[in-house]
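See structure below.
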Amino acid sequence: MTTSVKNRGKDLEALVIQSNHVYRMRQEALIHQAHAEVKTIRGRKGQIVNAFHKGKAGLDFYGIADGNYITFDTKYK
């Protein structure tokens, strides 16, 4: 299966989300996915004309594991 360059990190992110679900079910960790804030620009009739991220993107995930606060980013090269 071929994945485009801009979407290849999505597969890794999906695996991390699935792993975090297992950790939550076992009560080993509680990890949340951080979502970047998006600014939308609407046209005269209310349709979205453009959208972009506000500011710099932060880390992808944050939470608590073994009583410690953790944050991490998912990257694929």
Side-chain angles (χ1 to χ4, degrees):
M1 181 176 177
T2 304
T3 305
S4 71
V5 173
K6 68 180 183 178
N7 288 327
R8 62 184 174 183
K10 296 288 184 186
D11 293 336
L12 175 61
E13 194 170 285
L15 288 172
V16 171
I17 291 169
Q18 184 178 5
S19 298
N20 291 339
H21 179 71
V22 172
Y23 294 144
R24 182 173 40 243
M25 298 301 288
R26 293 181 181 172
Q27 297 183 349
E28 294 176 356
L30 183 59
I31 310 294
H32 299 284
Q33 184 176 13
H35 298 284
E37 189 175 347
V38 176
K39 171 76 175 168
T40 58
I41 298 175
R42 295 187 180 269
R44 292 182 186 203
K45 296 182 180 179
Q47 303 97 339
I48 296 176
V49 176
N50 197 358
F52 55 91
H53 294 283
K54 285 178 79 173
K56 294 178 88 176
L59 296 170
D60 291 338
F61 295 92
Y62 65 94
I64 297 175
D66 295 327
N68 296 314
Y69 181 75
I70 59 171
T71 59
F72 59 95
D73 204 11
T74 54
K75 297 288 182 209
Y76 180 87
K77 288 187 176 188

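Note that these values count all heavy atoms, side chains included, but never hydrogens, waters or copies made by symmetry.
Hydrophobic cluster membership for Ile48: none, as no Ile, Leu, Val, Met, Phe, Trp or Tyr side chain comes under 4.5 Å of it. When hydrophobic residues (I, L, V, M, F, W, Y) are linked wherever their side-chain heavy atoms come within less than 4.5 Å, Leu15 remains an isolated member.
For residues 34-45, the salt bridge (charged side-chain N to carboxylate O under 4.0 Å, His left out) pairs, not counting sequence neighbours, are Glu37-Lys54.
A search for ring pair (Phe, Tyr, Trp, His ring centres under 6.0 Å) contacts involving His32 returns Tyr62, not counting sequence neighbours. Applying the side chain to side chain contact (heavy atoms under 4.5 Å, CB included) test to Arg26 and every residue at least two apart in sequence or in another chain returns Val22, Glu28. The side chain to side chain contact (heavy atoms under 4.5 Å, CB included) test applied to Ala65 returns Ala29, Ile70, not counting sequence neighbours.
Heavy atoms only, all atoms of each residue included: Ala51 and Val38 are closest at CB-CG1, 4.1 Å.
Under a cut-off of 6.0 angstrom, the local environment of CG in Asn50 is crowded, with over 12 non-hydrogen atoms contributed by other residues, nucleotides or ligands.
Atom CG of Leu30 is separated from atom OH of Tyr23 by 13.5 Å, given to the nearest 0.5 angstrom.
A donor-acceptor pair is defined here as one N or O able to donate and one able to accept, closer than 3.5 Å; such a pair exists between the side chain of Asp60 and the backbone of Thr74.
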